[in-house]
Amino acid sequence: MRSLFKRKQTKQAMARKLIVRESPKSIYAEQYRAIRTSINFSMPDKDIKTIVVTSPKSGEGKSTISANLAGVFSQEGKNILLVDADMRKPTVHYTFNLMNSYGLSEVLSGQYELRDAIQDTYIEGLYVLPSGSIPPNPAELLNSKRMNQLLFELKAQFDFIFFDTPPILSVTDSQILANKCDATILVINSRQTPKELASKSKSILQHSKSNIIGVILNNYILKKNDDYYSLHGYIE
């Protein structure tokens with residue numbers, strides 16, 4: 001897999017902490033492994049390879065969760081790609097301390113080839129396609145024929161592709177991509193997100209004919225007599 005990509009990054013110190021790598025025996029890492037298992041068994045009769053991760057609004061932890069999910073899937077010995085599909089406020093390159101001078105937006109606009117834009121990371125088997133420069137028309141790029149071709153190419157090269165997308169209630173980008181991908185996961189901050197916003201997000205995704213396989217409740221605290229996980233995944 002590494003020989004496919006011309007663009008290499010020197011391994012650097014992390015800008016943000018990935019729990020699944022830094023604290024693999026923690027209860028938080030265990031929750032990510034539990035979510036991984038749920039995703040693997042969510043649709044036994046359908047091959048899921050492209051997964052959109054979104055949230056009702058910003059600040060709910062979807063980018064952190066996207067990165068950790070990509071990391072925990074790579075620990076199975078698979079080739080995983082994390083795509084920063086938020087071409088408005090990208091953050092994935094900060095998480096992995098990578099360059100973001102070009103990426104998804106340049107690939108979709110025909111300025112760069114896919115193999116030149118993908119970067120490897122400090123995690124074996126995990127690759128990143130950063131967002132690239134902020135374009136004037138993110139939604140149009142995601143809804144283009146080139147995006148359809150890109151999905152076809154990515155499925156041929158990777159076992160799983162995770163898309164970190166903008167909040168569903170802010171712009172249409174997530175709806176467009178969720179309609180094209182195999183599955184969608186909705187991240188909700190259980191301490192901050194009103195129920196009506198969570199319900200509205202679900203309705204929007206259903207209207208876009210996306211395949212919602214589940215919800216991840218971030219910052220979810222169980223009762224005293226229960227387990228004490230603060231990240232809770234529910235995959236239907």
Side-chain angles (χ1 to χ4, degrees), residues 5-7 9 15-16 49-67 70 81-121 127-155 157-158 161-187 193 197 200-212:
F5 309 122
K6 296 178 181 178
R7 191 180 180 196
Q9 280 292 116
R16 295 180 183 177
K49 299 194 74 172
T50 53
I51 301 175
V52 165
V53 182
T54 188
S55 61
K57 54 188 182 63
S58 61
E60 304 205 49
K62 68 171 178 58
S63 294
T64 298
I65 288 173
S66 298
L81 179 67
L82 175 59
V83 180
D84 193 342
D86 190 341
M87 292 182 283
R88 300 172 191 268
K89 294 182 179 180
T91 63
V92 171
H93 62 289
Y94 293 126
T95 301
F96 293 92
N97 199 15
L98 301 173
M99 296 185 299
N100 191 37
S101 54
Y102 53 90
L104 178 62
S105 61
E106 282 76 19
V107 173
L108 292 178
S109 60
Q111 299 177 57
Y112 278 86
E113 295 294 329
L114 176 62
R115 62 179 294 173
D116 297 325
I118 292 177
Q119 301 182 43
D120 61 350
T121 71
Y127 301 84
V128 166
L129 175 59
S131 69
S133 58
I134 298 176
N137 57 341
E140 287 79 1
L141 288 177
L142 292 174
N143 202 30
S144 65
K145 291 181 179 179
R146 176 59 184 131
M147 185 68 220
N148 296 336
Q149 179 62 30
L150 179 62
L151 288 171
F152 180 81
E153 293 174 16
L154 293 178
K155 285 184 177 183
Q157 297 181 46
F158 294 94
I161 306 100
F162 290 91
F163 292 88
D164 180 14
T165 66
I168 192 73
L169 298 180
S170 300
V171 291
T172 61
D173 303 19
S174 298
Q175 300 175 53
I176 294 170
L177 203 50
N179 175 262
K180 296 176 179 291
C181 290
D182 300 327
T184 299
I185 295 174
L186 185 62
V187 176
T193 308
L197 293 187
K200 184 177 181 180
S201 300
K202 180 182 177 182
S203 297
I204 290 174
L205 288 170
Q206 290 175 328
H207 183 71
S208 66
K209 297 181 180 180
S210 61
N211 176 30
I212 308 173

(request) Mind checking ring pair (Phe, Tyr, Trp, His ring centres under 6.0 Å) for Phe163 and listing every partner two or more places apart, or none if nothing turns up? (result) none
(message) List the residues meeting side chain to side chain donor-acceptor pair (under 3.5 Å) with Glu140, not counting sequence neighbours, and say none if there are none.
(response) none
(request) Identify the two heavy atoms, one from Cys181 and one from Val52, that lie closest to each other, and give their separation to 0.1 Å. (result) SG-CG2, 3.8 Å
(request) Indicate yes or no for a side-chain donor-acceptor contact from Ser210 to the backbone of Leu205 under 3.5 Å, with no hydrogens or angles considered. (result) yes
(request) Run the numbers on Thr193 and Lys57 for side-chain contact (heavy atoms from CB on, under 4.5 Å), then give the verdict. (result) CA-CA 8 Å; Thr193 308; Lys57 54 188 182 63; 4.3 Å; yes
(message) Quick check against the 3.5 Å criterion: does Lys49 have a side-chain atom that pairs as donor or acceptor with the backbone of Phe158?
(response) yes
(message) Applying side-chain contact (heavy atoms from CB on, under 4.5 Å) to Asp86 and Val92, what does each step give before you reach the verdict?
(response) CA-CA 9 Å; Asp86 190 341; Val92 171; over 6 Å; no
(message) To check you understand the geometry: which heavy-atom pair defines the closest contact between Ser201 and Ile168, and what is its length?
(response) OG-CG2, 3.2 Å
(request) Step through the shown structure and confirm whether more than 12 heavy atoms of other residues, nucleotides or ligands are within 6.0 Å of CD on Glu113. (result) no
(request) Might you work through the side-chain contact (heavy atoms from CB on, under 4.5 Å) test for Gln157 and Leu114, ending with a clear yes or no? (result) CA-CA 11 Å; Gln157 297 181 46; Leu114 176 62; 3.9 Å; yes
(message) Tell me every residue that passes side chain to side chain donor-acceptor pair (under 3.5 Å) with Asn211, counting only those two or more places apart in sequence or in another chain.
(response) none
(message) The criterion is side-chain contact (heavy atoms from CB on, under 4.5 Å); which residues satisfy it with Ser66, sequence neighbours excluded?
(response) Val53, Leu82, Asp164
(request) Locate the shortest heavy-atom distance separating Thr91 from Asp84; write the atom from each residue and the value. (result) N-OD2, 3.1 Å
(request) Check side chain to side chain donor-acceptor pair (under 3.5 Å) between Ser55 and all other residues, then give those that pass, not counting sequence neighbours. (result) none
(request) Would you check, one step at a time, whether the test side-chain contact (heavy atoms from CB on, under 4.5 Å) holds for Met147 with Leu141? (result) CA-CA 7 Å; Met147 185 68 220; Leu141 288 177; over 6 Å; no
(message) Could you check whether any side-chain N or O of Gln175 sits under 3.5 Å from a backbone N or O of Ile204, counting only pairs where one atom can act as donor and the other as acceptor?
(response) no
(message) Using the salt bridge (Lys or Arg N to Asp or Glu O under 4.0 Å) criterion, which residues pair with Glu153? Sequence neighbours excluded.
(response) Arg146
(request) Could you pull out the closest heavy-atom pair between Pro136 and Pro138, with the gap in Å? (result) C-CD, 3.6 Å
(request) Verify, without hydrogens or angle tests, whether Ser174 (side chain) and Pro166 (backbone) share a donor-acceptor contact under 3.5 angstrom. (result) yes
